[in-house]
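Take a look at the structure below.
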Number of protein chains: 2
Amino acid sequence: MHRLILDGPPGLEKEGTSMSTDRTAGTVVTAADYETCPVTRVLRRVGDKWTPAVIRLLAAGVHGFNELDRSIEGISRRMLTRTLRTLEDEGFVSRRTPAAKAMRVEYALTELGESLREQLFALGRWAEAHDTALRAARDKG
Amino acid sequence: MHRLILDGPPGLEKEGTSMSTDRTAGTVVTAADYETCPVTRVLRRVGDKWTPAVIRLLAAGVHGFNELDRSIEGISRRMLTRTLRTLEDEGFVSRRTPAAKAMRVEYALTELGESLREQLFALGRWAEAHDTALRAARDKG
DNA sequence: CCGTATCCGTAACGATACTG
DNA sequence: CAGTATCGTTACGGATACGG
């Protein structure tokens with residue numbers, strides 16, 4: 001009911017398995033899908049400019065604000081803050097201040113964030129496998 | 001060399017397996033990564049507003065322009081055109097005019113597009129599996 | 001049926017300066 | 001070290017009207 005990108009009608013995964021009954025008339029993507037569907041939500045988040053880099057670095061063990069800042073070429077502190085805050089709001093990143101270690105903050109992937117990272121790495125492996133085709137289309141344009 | 005979201009240093013997939021040698025100093029995401037990395041490119045494409053819906057419907061057997069237009073609530077012809085053109089440029093969608101069938105055009109997923117769709121559906125299953133956690137964070141914000 | 005052209009508003013992003 | 005505040009620019013998307 002609230003899924004956008006997810007299994008369509010049964011037998012549709014591989015087209016033509018069942019001789020298409022031609023019931024395309026009722027297929028509609030509603031506006032409500034865009035508010036409720038968790039997939040599109042995640043896609044939009046991960047489709048922004050800096051989120052992939054931040055997730056990658058957090059997974060690689062970079063935890064401090066300025067460390068992150070220095071590790072991502074071209075990012076501004078403003079955008080790094082915004083990106084981290086949003087990831088925090090969505091539950092992908094945790095923020096803690098070690099206390100006693102003044103002027104220090106530690107960002108890290110939550111369990112959910114780590115789970116998301118796995119998905120992104122999987123997409124990375126897919127992109128790697130289809131690198132030739134992806135670049136071919138890109139170079140033609 | 002040109003990967004952004006993809007396997008980091010060996011032994012990093014599961015943190016702490018090897019006692020961290022603390023070599024975080026050289027970890028940098030360069031600006032060049034953003035131009036060359038096929039993952040971020042795909043993420044930005046799929047993170048736009050209408051691409052997921054279009055891919056979903058093409059996979060479901062909707063092929064005509066106005067069919068797509070009518071099947072996606074709220075989309076304008078302008079944005080549908082732009083979305084389709086971009087997907088075509090990236091090699092995910094094919095466009096053909098049946099010829100003799102005047103005033104008719106057929107959009108479809110290419111093999112690469114079908115491959116991408118599988119990845120998105122996989123992400124959909126992930127989102128479904130983590131639905132509770134995803135909504136929990138969202139509702140707190 | 002399948003688009004293009006034009007204009008406009010908003011949101012994302014960048015640059016720079018300042019602060020606890 | 002870890003941010004905020006302010007301002008300007010650019011990209012994305014919506015509305016509307018027109019054309020092949």
Side-chain angles (χ1 to χ4, degrees), chain A residues 24-25 29-31 33-35 40-41 43-54 57-58 62-90 93-108, chain B residues 24-25 29-31 33-35 40-54 57-58 62-90 93-108 141:
Chain A
T24 61
V29 176
T30 71
D33 289 333
Y34 283 95
E35 294 150 20
T40 51
R41 188 184 182 84
L43 285 177
R44 292 206 79 129
R45 189 71 10 245
V46 136
D48 73 7
K49 186 160 186 180
W50 302 111
T51 292
V54 168
L57 287 169
L58 290 179
V62 181
H63 299 298
F65 185 89
N66 278 2
E67 281 178 276
L68 289 165
D69 192 28
R70 274 181 275 103
S71 300
I72 305 173
E73 184 182 6
I75 199 174
S76 62
R77 287 192 296 280
R78 170 181 142 81
M79 287 315 295
L80 179 55
T81 302
R82 287 174 60 96
T83 303
L84 286 167
R85 289 285 177 278
T86 306
L87 285 170
E88 211 186 332
D89 291 344
E90 306 266 349
V93 162
S94 65
R95 177 186 190 276
R96 54 182 291 269
T97 75
K101 276 289 181 186
M103 300 292 97
R104 168 72 182 176
V105 69
E106 303 254 336
Y107 291 98
Chain B
T24 61
V29 176
T30 70
D33 288 334
Y34 284 94
E35 294 150 19
T40 50
R41 188 183 184 85
V42 168
L43 285 176
R44 292 207 78 131
R45 189 72 10 246
V46 136
D48 74 7
K49 187 161 185 180
W50 302 112
T51 292
V54 168
L57 287 170
L58 289 179
V62 180
H63 299 299
F65 185 90
N66 277 3
E67 280 179 275
L68 289 165
D69 193 27
R70 273 181 275 104
S71 299
I72 304 174
E73 184 182 7
I75 199 173
S76 63
R77 288 192 295 280
R78 170 182 142 81
M79 288 314 295
L80 180 55
T81 303
R82 286 173 60 97
T83 304
L84 286 167
R85 288 286 176 277
T86 306
L87 286 170
E88 211 186 331
D89 291 345
E90 306 264 348
V93 163
S94 65
R95 177 186 191 274
R96 54 181 292 268
T97 75
K101 276 289 185 188
M103 298 294 97
R104 170 69 182 177
V105 68
E106 303 254 335
Y107 291 99

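Proteins come first, then strands; the chains are lettered A, B, ... in the order of their sequence lines, and each starts at number 1. All figures in this text were calculated on a predicted structure; none of them were measured in a lab.
By the side chain to side chain donor-acceptor pair (under 3.5 Å) test, Arg85(B) pairs with Tyr107(B), sequence neighbours left out. In this view, Arg41(A) and Glu90(A) satisfy the salt bridge (Lys or Arg N to Asp or Glu O under 4.0 Å) rule, not counting sequence neighbours.
Under a cut-off of 6.0 angstrom, the local environment of CZ in Arg104(A) is crowded, with over 12 non-hydrogen atoms contributed by other residues, nucleotides or ligands.
Taking the 5' to 3' direction, DNA chain D first and last meets chain B under 4.0 angstrom from a heavy atom at dG13(D) to dG20(D).
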Pairs under 3.5 Å (N/O, protein and nucleotides 17-20 of chain C):
from: dC18(C); atom 1: N4; to: Arg77(A); atom 2: NH2; distance (Å): 3.4

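Arg82(B) comes within contact range of no nucleotide atom at all, as no heavy-atom separation falls under 4.0 Å. Using a 4.0 Å heavy-atom cutoff across all strands shown, Thr81(B) reaches at least one base atom of the nucleic acid.
The shortest side-chain heavy-atom distance between Leu68(B) and Leu84(B) falls under the 4.5 Å cut-off. In this structure, the side chains of Leu57(A) and Val29(B) come closer than 4.5 Å at one or more pairs of heavy atoms.
As rounded to whole Å, 15 Å separates atom P of dT16(C) from atom CG of Asp69(A). The distance between atom CG of Leu80(B) and atom C1' of dC2(C), rounded to the nearest whole Å, is 10 Å. Per the geometry, CZ belonging to Arg85(B) stands 10 Å off C1' belonging to dT4(C), to the nearest Å. Taking atom CZ of residue Arg78(A) and atom C1' of nucleotide dT16(C), one finds them 12 Å apart after rounding to whole Å.
Contacts of residues 44-53 of chain B with DNA chain C (heavy atom under 4.0 Å): Arg44(B).
With axes fitted over five pairs at each extremity, the angle between the ends of the helix from dC1(C)-dG20(D) to dG20(C)-dC1(D) is 50° (10° resolution).
Considering every non-hydrogen atom in both Val62(B) and Leu58(B), the closest pair reads O-CD2, 3.2 Å.
At least one side-chain nitrogen or oxygen of Tyr107(B) sits closer than 4.0 Å to the OP1 or OP2 atom of dG3(C).
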